[in-house]
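All values below come from the heavy atoms of this structure, side chains included, with hydrogens, waters and symmetry mates left out.
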Amino acid sequence: MLPVHLAEVPGSVALPWVRQQGPFQKIVPWPAPGSVAGLLPRRVDKEDVMTCLIKGCNFVLKNIPHEAFVYQKDADPEFRFQTNHPNIFPYLLVNIGSGVSIVKVETEDRFEWIGGSSIGGGTFWGLGALLTKTKKFDELLHLASKGQHTNVDMLVQDIYGGAHQTLGLSGNLIASSFGKSATADKEFSKEDMAKSLLHMISNDIGQLACLYARLHCLDRVYFGGFFIRGHPVTMRTITYSINFFSKGEVQALFLRHEGYLGAIGAFLKGAEQDNPNQYSWGENYAGSSGLMSSSPELCPTQRARSGTFDLLEMDRLERPLVSLPLLLDPPSYVPDTVDLTDDALARKYWLTCFEEALDGVVKRAVASQPGSVDAAERAEKFRQKYWNKLQTLRHQPFAYGTLTVRSLLDTREHCLNEFNFPDPYSKVKQKDNGVALKCFQRVVHSLDALGWEERQLALVKGLLAGNVFDWGAKAVSEVLESDPQFGFEEAKKKLQERPWLVDSYSRWLQRLKGPPHKCALIFADNSGVDVILGVFPFVRELLSRGTEVILACNSGPALNDVTHSEALLVAERVAAMDAVVRSALREERLLLVQTGSSSPCLDLSRLDKGLAVLVRERGADLVVIEGMGRAVHTNYHAALRCESLKLAVLKNSWLAERLGGRLFSVIFKYEVPAE
């Protein structure tokens, strides 16, 4: 018999459940509220609601990027997501359920209930039902979204004829909620009464939260409890109230998963014997419901469902993830170069781009499993699911936090895994590795025959030419599929001539004339030509200079990116052909490690802890990041405490033109930190 740990959260009940899938564990709220009994023989353990609430809140703030956001009424979009801060404490949690609980959270295990109110979500629901005869909570919110509260509320201007200059009160401030109803002889609409009621309760909660925050010297207030539900009127009113009474010194922060805090905490309590804090977690976009649209007319089926049963699915990674120790300022680090939530033109382009690429991904997925009788059926299910996700993001770009090229790529990988296509490019990678290995010795011999300065440029051009071999880029995949003879030398001819679009090569060459680096950390990109004919010769040159090398590859598959396990096999084959690599592996001057990621992009704040430890131990003083996903879509502006090389070939015409170049333009960015 398995125990279920249940924490009742006012306004909602959810049971988190775990299921194992590959290297990940997944948390999903299951089963639906009210359906516990009679499903399976299991013991129900009661847990303290406040402990569960805090555990759940700490969990989402630490593990879900872009969990918290501020609401800005006049911005487009209105949501401004916060990056995960390494230290989330202290903060104030205002949990709005039937009533309101206000909790000061100081550490992982130390918190204090400091106040509350009986006027909360239950009050809005109860009074709303009496006033409008509407029994459903979401229907009340819908009525409020159509109402005009000034028809019911008495404003400052109704009393003073305008603003009250002495007190600094604007004329449109609410002086008395429902104040006009006492003297008016007319009937008020349900919509207007619901709007007035929502304003009254939200204003009261906002003022109360602000006063407690000021009293306890806290400047961050998070709201949870599933009362807000992404409703713009509620967030706008609470935000205005807190800004008004704190004079902008206290920040109102809302949570994408406000309704899951107690459920997640209950799961964590139940899993304590497994020590969930030793793992890192990530949101699985394939299984999770997105933040609701602020417009009720958008995606009505999702809104109709969302009031009763939404999903949050989390992947549990087997190893903890931490920030790269070489980040200049981890709290301010933002991996992504472009925020598609803000950039409407880029958002439209990339969503269309991913839609148009779907046929090719489906074809590749089916081809990767020729012995499977249901591969085509599963691939079609993948197509439909990912297509639906893209349509949701067209209407609600903020559904999963800040929308980026990285999140679009990750969502696609999650959907592929959901339908058991963990590595659609496995056969392509095997073939490409085999072809490239046959050319390795010839490439190395030709490099060794060059003079020193000529060889340095040839090595860089080899890195760039190798990076052309990216099956995720439409312009490249079309060439590779139509011309089987397209190889390393042909890729070199595709490269932009110097000067490159971004060209720091002369500075890099000058640096190489100085003392060798102590240790280089290289983030590899693609399998085949890229890693074998581009990266390994570059690694070999660094080793020959006396520089130790840490070669970091993805932990899991994504597109045709090389994985750690694949890199180990490649390194063994290369070592058999090359004495420099062979001795470096034997003497541990060349170390192959996993990044902890299964993404075509790179988040330097979520790297395998073992990699971070190694970087510190070896004193890495050079970071090399290659590829569009890792060095352009992400980390282009990343500031490091050591020297860095960011290099890529632009394999997308639209992006190249936007950056002032053309297809196959070159980014070679050598950066030295300021003294």
Side-chain angles (χ1 to χ4, degrees), residues 319 324-326 429 433 436-437 439-445 447-448 452 455-456 458-460 462-463 466-467 508 511-512 515-555 561-597 602 604 607-627 630-631 640 642-647:
R319 295 161 66 90
L324 178 69
L326 297 173
K429 289 188 288 183
N433 285 341
L437 283 166
C439 302
F440 177 77
Q441 286 180 300
R442 175 177 56 79
V443 169
V444 167
H445 289 157
L447 286 168
D448 288 345
W452 182 85
R455 185 167 69 250
Q456 304 314 308
L459 284 163
V460 167
L463 263 177
N467 193 244
W508 169 246
R511 171 62 185 86
L512 290 178
H517 297 89
K518 184 177 186 342
C519 178
L521 169 62
I522 300 177
F523 290 97
D525 190 3
N526 305 304
S527 290
V529 172
D530 192 357
V531 70
I532 295 168
L533 304 185
V535 172
F536 265 103
F538 186 79
V539 166
R540 183 175 175 271
E541 182 74 11
L542 290 174
L543 291 168
S544 299
R545 283 172 54 82
T547 301
E548 294 182 345
V549 176
I550 301 169
L551 184 58
C553 304
N554 269 7
S555 298
D561 292 6
V562 62
T563 65
H564 174 246
S565 58
E566 293 162 352
L568 290 173
L569 296 174
V570 166
E572 184 180 341
R573 296 282 300 277
V574 169
M577 295 183 279
D578 188 83
V580 175
V581 173
R582 184 165 59 250
S583 63
L585 285 171
R586 185 177 60 249
E587 297 164 8
E588 296 188 343
R589 292 183 293 110
L590 171 58
L591 299 159
L592 277 68
V593 297
Q594 56 183 313
T595 61
S597 171
L602 180 64
L604 295 175
L607 293 176
D608 188 277
K609 187 176 182 180
L611 170 58
V613 169
L614 198 58
V615 165
R616 283 196 187 94
E617 289 177 350
R618 296 299 175 109
D621 54 357
L622 172 66
V623 174
V624 180
I625 307 175
E626 66 140 349
R630 291 166 179 79
L640 301 177
C642 68
E643 296 173 51
S644 64
L645 273 180
K646 300 168 186 174
L647 58 155

Which heavy atom of [X] sits nearest a heavy atom of [Y], and at what distance?
| X | Y | answer |
| --- | --- | --- |
| Ala567 | Cys553 | CB-SG, 3.7 Å |
| Val562 | Ser527 | CA-OG, 3.3 Å |
| Asp530 | Leu463 | OD1-O, 4.2 Å |
| Leu585 | Ala575 | CD1-CB, 3.8 Å |
| Ala524 | Arg630 | O-NE, 3.5 Å |
| Arg455 | Leu447 | CD-O, 3.1 Å |

Contact between [X] and [Y] at the side-chain level, heavy atoms closer than 4.5 Å - yes or no?
| X | Y | value |
| --- | --- | --- |
| Ser644 | Ile625 | no |
| Val615 | Leu326 | yes |
| Phe536 | Val444 | no |
| Phe523 | Leu611 | yes |
| Ser583 | Arg589 | yes |
| Leu459 | Arg540 | no |

Sub-3.5 Å donor-acceptor pair from the side chain of [X] to the main-chain atoms of [Y], do we have one?
| X | Y | result |
| --- | --- | --- |
| Glu541 | Pro537 | no |
| Thr547 | His517 | yes |
| Asp561 | Asn526 | no |

Would you give the length of the straight line joining atom [atom1] of [X] to atom [atom2] of [Y], rounded to the nearest 0.5 angstrom?
| X | Y | atom1 | atom2 | answer |
| --- | --- | --- | --- | --- |
| Arg511 | Leu622 | CZ | CG | 8.0 Å |
| Asp578 | Phe440 | CG | CZ | 4.5 Å |
| Cys439 | Arg442 | SG | CZ | 5.0 Å |
| Glu572 | Leu592 | CD | CG | 11.5 Å |
| Leu324 | Leu521 | CG | CG | 6.5 Å |
| Leu602 | Glu626 | CG | CD | 11.5 Å |

Point to revise | Crowding at CD, Glu587 (>12 non-hydrogen neighbours, <6.0 Å) | key: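 Check passes, neighbour count above 12.
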**Study point:** Working for side chain to side chain contact (heavy atoms under 4.5 Å, CB included), residues Val531 and Glu566
**Key:** CA-CA 10 Å; Val531 70; Glu566 293 162 352; over 6 Å; no
Check your understanding: For Val539 and Val581, what are the C-alpha separation, side-chain angles and deciding distance, and is it a side chain to side chain contact (heavy atoms under 4.5 Å, CB included)?
Key -> CA-CA 8 Å; Val539 166; Val581 173; 5.7 Å; no
Point to revise | Partners meeting salt bridge (Lys or Arg N to Asp or Glu O under 4.0 Å) with Arg573 (sequence neighbours left out) | key: none
Exercise for review: Determine, step by step, whether Ile522 and Leu542 satisfy the side chain to side chain contact (heavy atoms under 4.5 Å, CB included) criterion, reporting the C-alpha distance in whole Å, the side-chain angles of both residues, the deciding distance to 0.1 Å, and the verdict.
Suggested key: CA-CA 11 Å; Ile522 300 177; Leu542 290 174; 4.1 Å; yes
Exercise for review: For residues 611-621, pull every pair meeting side-chain hydrogen bond (donor to acceptor under 3.5 Å, both in side chains), keeping only residues two or more places apart or in separate chains.
Suggested key: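 Sorted pair list: Glu548-Arg618.
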Review point. Run the side chain to side chain contact (heavy atoms under 4.5 Å, CB included) check on Val623 and Cys642 step by step: do they pass?
Key: CA-CA 7 Å; Val623 174; Cys642 68; 3.8 Å; yes
